[in-house]
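Chain naming here is simple, since letters A, B, ... match the order of the sequence lines and numbering starts at 1 in each.
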Amino acid sequence: MREETRRSKVDVDRKTAQAVGAGILHWYEEVKRDLPWRRTRDPYKIWVSEVMLQQTRVETVIPYWNRFIELFPTIEQLAEAPEPNVLKAWEGLGYYSRVRNLQKGAQVVRDKFGGRVPDTLDEISTLPGVGPYTAGAILSIAYDVDVPAVDGNVFRVLSRIFLIEEDIMKPKTRRTFESLAEFLIPPGRAASFNQGLMELGATICIPKNPRCHACPVQAKCRAQEEGIQEQLPIKEKKKPPRPVDMTAALLRDGDRVLIRRRPESGLLAGMWEFPGGERLDGMTLEESLTAHLRDAFGVQANPSSLFAQVQHTFSHLQWDMRVYECALTAGQVREQEDVKWVAISDLSTYTFPVAHGKVVKELSGLV
DNA sequence: TATGCGTGGCG
DNA sequence: TCGCCAAGCAT
């Protein structure tokens, strides 16, 4: 019996577990949203949706998922697609390593698993970009395996129902929630139950002003009983993003401008940008830009006028980016694979991070 | 265990 | 406005 083999670190009796599991399951079957990836059982398409949904809202993902599936309808086609095309399909979604890992994963599935997404926790977890949450989500949703899928919603919902006051930012806390979530799964119904937990967190048991009156398990919720649902889950504060002064150059040659590709690893890997870099210690922005252009291309360039100022906040960085029109006074920049002179009207065929995309937009408005 | 990695929406 | 938040993973 599963009740005897499964244990939770949280104090929950079987009757409560059964009531909560059934309550959420039945509520979900009644109210679930009609999302495009809920109309398929294709493990590949569910995989794509789960990766896109990492740290990303449903409303944002929908158009990206539709387009991505249209462009790459099968694992085979994704595995064989040119990488820049795949990156382009992700442009604007953020966390770009997700899509690189997704394509690598597709290649692993093709080469090591005969083209079929594996259906065991051990095997699927070997795929790049597939962590504990995504593994559980794909297995339960696509294959009906009774494994938990603990994301931010589940942390919030379960911490409230069972009044769990552990800090969810601590990695070890995940195990507490995973064992509890597994204990709650109505046998054979992990697909609907797991999605129900997340749906509840996304629509009712939301971070602020939770709609407890509409909750199917309100009567079982210990936080609601204590009136402290808004204080949960316990989450330690993150550090504020570090401010960085950035510069970038607008170098023109007729109606063409100079762009370059960022390195294959690190921040915004492989995306295109206007050349420049961080302000260097002890230098002004203009001096730093001149130095960056000299280092990168071996040319002398003078920043003349300020073309644009762009503020952009990442999860860990805050860019204050100033884009200067520059005049080349010595040397010239030759095209290479990762350095191009591009007509303004063709810039849209390249993939830019949002900060540089704002500059592209400014430029396009001038044409 | 702590940090790097995007972007857009909301109160 | 601005801090927080949204279906995390890799290192």
Exercise for the section: Check every strand shown and say whether Leu197(A) touches a base, only sugar-phosphate, or nothing at a heavy-atom separation below 4.0 Å. Expected result: nothing

Problem - Protein-nucleotide distance (Trp90(A), atom CH2; dG8(B), atom C1'), rounded to Å - result: 16 Å

Completion exercise
Rounded to whole Å, the CZ-P distance (Arg156(A) to dC5(C)) equals 9 Å

Practice task
Measure across Pro207(A) and Arg160(A) and return the closest heavy-atom pair with its distance rounded to 0.1 Å.
Solution key: O-NH2, 3.0 Å

Exercise for the section: Report which part of the nucleic acid Leu93(A) touches: base, sugar-phosphate, or nothing (heavy-atom distance under 4.0 Å, all strands). Expected result: base

Problem - Sugar-phosphate only, base, or nothing, as touched by Gly201(A) at under 4.0 Å among non-hydrogen atoms - result: nothing

Completion exercise
Comparing nearest nucleotides in DNA chain C, the 5'-proximal residue of the pair Asn101(A), Gln195(A) is Gln195(A)

Completion exercise
Minimal heavy-atom distance between Leu232(A) and Ile164(A), with the atoms involved, is CD2-O, 3.7 Å

Problem - Rounded distance (Å) that lies between atom C1' of dC5(B) and atom CZ of Arg100(A) - result: 12 Å

Exercise for the section: Tell me which of Tyr64(A) and Lys170(A) sits closer to the 5' end of DNA chain B, going by the nucleotide each one is nearest to. Expected result: Lys170(A)

Exercise for the section: Check every strand shown and say whether Arg262(A) touches a base, only sugar-phosphate, or nothing at a heavy-atom separation below 4.0 Å. Expected result: nothing

Practice task
Return yes if some donor-acceptor pair links the side-chain N/O of His312(A) with the main-chain N/O of Trp319(A) below 3.5 Å, else return no.
Solution key: no

Exercise for the section: Take the protein atom NZ of Lys358(A) and the nucleotide atom P of dG6(B), then report the distance between them rounded to whole Å. Expected result: 15 Å

Exercise for the section: Measure from NZ or CZ of Arg174(A) to the centre of the six-membered ring of Phe177(A) and say whether it is under 6.0 Å with the direction within 45° of the ring axis. Expected result: no

Exercise for the section: Would you mind reading off the distance between Tyr95(A) atom OH and dA10(C) atom C1', rounded to a whole angstrom? Expected result: 12 Å

Completion exercise
Rounded to whole Å, the CG-C1' distance (Leu53(A) to dC9(C)) equals 15 Å

Exercise for the section: Determine the Euclidean distance between corresponding P atoms of dG8(B) and dC9(C); express it in Å to zero decimal places. Expected result: 22 Å

Problem - Polar side-chain contact Thr60(A)-dG9(B) base: donor and acceptor under 3.5 Å - result: no

Practice task
Establish, with yes or no, whether the OP1 or OP2 oxygen of dG6(B) is under 4.0 angstrom from a side-chain nitrogen or oxygen of His312(A).
Solution key: no

Practice task
Find the distance Phe352(A):CZ to dT7(B):P and express it as a whole number of Å.
Solution key: 13 Å

Exercise for the section: Run the salt-bridge test on Glu166(A) and Arg175(A) with the 4.0 Å N-O cut-off and return the result as yes or no. Expected result: no

Handout entry: Donor-acceptor pair between Thr16(A) and Arg222(A) side chains, under 3.5 angstrom
Key = no

Practice task
Could you check which of dG9(B), dT1(B), dT7(B) has an atom nearest any side-chain atom of Lys172(A)?
Solution key: dT1(B)

Problem - Closest non-hydrogen atom pair, Cys215(A) against Leu200(A) - result: SG-CD1, 4.3 Å

Exercise for the section: Report the nucleotide, chosen from dT7(B), dC5(C), dG8(C), that has the shortest atom-to-atom distance to any side-chain atom of Pro353(A). Expected result: dT7(B)

Practice task
When you get a sec, tell me which of dA10(C), dA6(C), dG6(B) is the closest nucleotide to the side chain of Leu267(A)?
Solution key: dG6(B)

Practice task
For Gln318(A) and dG3(C), give me the distance from atom CD to atom P, rounded to whole Å.
Solution key: 9 Å

Practice task
In whole angstrom, give me the gap between the C1' atoms of dA6(C) and dC5(B).
Solution key: 15 Å

Practice task
Return the minimal non-hydrogen interatomic distance between Ala202(A) and Ile206(A), and the atom names on each side.
Solution key: O-CG2, 3.5 Å

Practice task
Name every residue in residues 121-143 of chain A that has at least one heavy atom under 4.0 Å from any atom of DNA chain C, in order of residue number, or write none if there are no such residues.
Solution key: Pro128(A), Gly129(A), Val130(A), Gly131(A), Pro132(A), Tyr133(A), Thr134(A)

Fill in the blank from the handout: With the side chain defined as heavy atoms from C-beta on, Arg57(A) is closest, among dG9(B), dC9(C), dT7(B), to dG9(B)

Handout entry: Comparing Ser97(A) and Pro171(A) on DNA chain B - which has the more 5′ nearest nucleotide
Key = Pro171(A)

